[in-house]
Enquirer: 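Please read through the structure below; I'll follow up with questions.
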Protein chains: 2
Amino acid sequence: MTALKRIEREPLWDLAHAQLRDALLAGRFEPGTVLTLRSLAESFGTSITPVRDAVTRLVAQGVLQQGPRNSAIVPHLSRRELSDLTVVRCALEGRAAREAALHRHDDATLRKLQERLSTMQSLIAARKLESYLEHHRKFHFGIYAMSGIPLLVETIENMWLRCGPVLSYVIPEYVVLLKGWDHHTAALKAIVAGDADGAEREIVADISDAAHYLASLADSTGQLRRPSLVTS
Amino acid sequence: MTALKRIEREPLWDLAHAQLRDALLAGRFEPGTVLTLRSLAESFGTSITPVRDAVTRLVAQGVLQQGPRNSAIVPHLSRRELSDLTVVRCALEGRAAREAALHRHDDATLRKLQERLSTMQSLIAARKLESYLEHHRKFHFGIYAMSGIPLLVETIENMWLRCGPVLSYVIPEYVVLLKGWDHHTAALKAIVAGDADGAEREIVADISDAAHYLASLADSTGQLRRPSLVTS
DNA sequence: CGACGATGTTTGTTATAACAAACAACAAAA
DNA sequence: TTTTGTTGTTTGTTATAACAAACATCGTCG
């Protein structure tokens with residue numbers, strides 16, 4: 001058999017899962033929207049079976065909330081839930097930064113992160129905020145990957161998914177207002193220096209500051225909503 | 001409307017999910033076993049559709065590992081994975097204990113935990129180790145619930161599910177060998193006293209000690225296996 | 001005797017239909 | 001006008017069948 005094909009084709013529900021996940025993370029669904037299986041199936045051009053698998057998986061991950069009749073609704077994020085999320089994220093991501101600082105790393109990976117950091121700063125200066133988000137995410141997870149603990153990275157990713165929409169439409173204006181990159185450079189510097197306490201402190205400060213800014217935007221009911229949403 | 005019926009009937013896949021979850025946690029499946037949808041469906045007396053939902057959910061939670069052809073296999077736990085699990089658990093559960101110590105609590109809940117603690121000690125003395133496990137779990141989660149952060153409790157529960165089988169057949173003989181209840185009483189005492197540092201330290205020590213004991217039981221390949229399993 | 005290939009079986013994937021519960025709309029009665 | 005009962009629609013749930021890929025079995029050829 002000459003076939004080295006290694007087909008490794010992905011199932012339909014995996015595609016649906018990825019698409020839904022990205023849409024949620026990008027904030028393309030209004031919080032409170034009920035996602036019906038048949039409408040999703042129609043938009044994907046498949047049967048309801050694959051989208052049911054995808055939605056089941058997303059609900060299990062906590063990305064989607066399950067409504068009254070086991071319907072999947074894209075979750076609102078209250079100030080309280082954001083606060084809880086912040087506690088868990090600080091524990092997890094702070095620990096990841098600490099573990100990263102305790103290891104010795106290749107120069108290549110360190111240089112890559114530093115390059116990303118400088119491109120992030122130039123993106124801020126140029127007000128290219130759409131592409132900043134992606135770099136922001138990759139910088140954080142680049143640090144977390146340096147912990148060498150896949151389970152930790154996976155759990156952190158789960159938490160990001162839960163607060164994804166809120167981050168997506170608030171971080172850009174936050175980062176241009178504040179001096180947010182401060183903690184990023186400090187954290188990376190601490191990791192390079194092997195300063196575990198400093199790395200954890202800076203990452204926790206980065207998360208806490210952003211969360212504090214977000215919490216100040218909540219309305220009277222404690223709900224966090226998209227501030228402007230200038231739909232093109 | 002006289003109807004107070006509150007039907008609240010659970011779907012079949014929810015029952016299958018709960019049964020599988022409990023079986024995993026109790027260690028009734030040998031690690032490495034492939035769970036086929038049709039055989040599970042037959043044992044549950046249902047179609048494959050509900051069990052597919054349940055398995056999908058368990059895989060999404062990381063409780064089950066997905067094998068080569070997207071088949072679900074009950075995961076082996078290597079020494080390395082146990083180590084990673086321990087890091088995450090310490091970060092999470094230590095934080096939960098810390099948060100619990102920072103709050104003021106009802107006397108009722110505190111007394112309930114203390115009662116559970118004394119029954120645990122008497123169970124150890126009487127060598128009733130099967131029922132000890134359940135109390136052990138409820139004591140820990142009783143503390144974590146006192147953090148007042150449901151997301152934190154939920155995430156911790158997820159981690160317990162991942163190492164469930166190993167704990168189930170090792171903890172009993174561990175707890176009778178060592179003076180394991182020491183950390184439990186110390187942690188609860190610290191929480192009552194509002195000593196956040198002490199509460200975190202004791203819970204972390206409890207987890208670390210048990211993990212260290214488990215790691216010493218790994219075979220040459222780094223796999224953790226059921227030590228004796230005296231099947232009745 | 002050993003290796004290669006055909007064939008049947010197993011197993012996850014997907015589509016479809018039938019079903020039940022919940023919601024919405026409308027009409028009729030108090 | 002308000003309330004109530006009925007009906008039609010929506011939507012998640014479950015079963016079943018068809019399908020494709022992977023694995024096992026076994027026969028045939030070298």
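Protein chains get the first letters and strands the later ones, always in sequence-line order, with residue 1 at the start of each. All values below were derived from every heavy atom in this structure, side-chain atoms included, with hydrogens, water molecules and symmetry-related copies excluded.
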Enquirer: When the distance from CZ of A:Arg52 to P of D:dT14 is rounded to whole Å, what number comes out?
Expert: 7 Å
Enquirer: A:Thr36 near the nucleic acid: base, sugar-phosphate alone, or nothing, with a heavy-atom cut-off under 4.0 Å?
Expert: sugar-phosphate
Enquirer: Between P on C:dT14 and CG on B:Asp53, what's the gap in Å once rounded to a whole number?
Expert: 13 Å
Enquirer: Between atom CG in A:Leu12 and atom P in D:dA21, what is the gap in whole Å?
Expert: 13 Å
Enquirer: If only atom types and distance count, is the side chain of B:Thr155 paired as donor or acceptor with the main-chain N or O of B:Leu151 below 3.5 Å?
Expert: yes
Enquirer: Considering heavy-atom distances to DNA chain D, does B:Gly45 or B:Arg38 have its closest nucleotide positioned more toward the 5' end?
Expert: B:Gly45
Enquirer: What is the distance, rounded to the nearest whole Å, between atom CG of A:Leu15 and atom C1' of C:dT13?
Expert: 13 Å
Enquirer: Answer yes or no: is there an ion pair linking A:Glu99 with A:Arg95, defined by an N-O contact shorter than 4.0 Å?
Expert: yes
Enquirer: Taking the six-membered ring for Trp and the single ring otherwise, decide whether the centroids of B:His135 and B:Phe139 are under 6.0 Å apart.
Expert: no
Enquirer: Out of D:dG12, D:dA22, C:dA15, which nucleotide sits closest to the side chain of A:Ser47?
Expert: C:dA15
Enquirer: In this structure, how many angstroms lie between the C1' atom of D:dA17 and the CD1 atom of B:Ile48, rounded?
Expert: 10 Å
Enquirer: How many Å lie between CG on B:Asn70 and C1' on D:dA20, as a whole number?
Expert: 14 Å
Enquirer: In this structure, how many angstroms lie between the P atom of C:dT16 and the CD atom of A:Glu42, rounded?
Expert: 13 Å
Enquirer: Atom CZ of A:Arg69 to atom P of C:dA21: distance rounded to whole Å?
Expert: 12 Å
Enquirer: Describe the nucleic acid contact of B:Leu35 in one word from base, sugar-phosphate, nothing, applying a heavy-atom distance below 4.0 Å.
Expert: sugar-phosphate
Enquirer: Among A:Asp53, A:Thr56, A:Thr46, which residue satisfies the side-chain contact (heavy atoms from CB on, under 4.5 Å) criterion with A:Trp13?
Expert: A:Asp53
Enquirer: Kindly point out which of C:dT13, C:dT14, C:dT16 is positioned nearest to the side chain of A:Pro50?
Expert: C:dT14
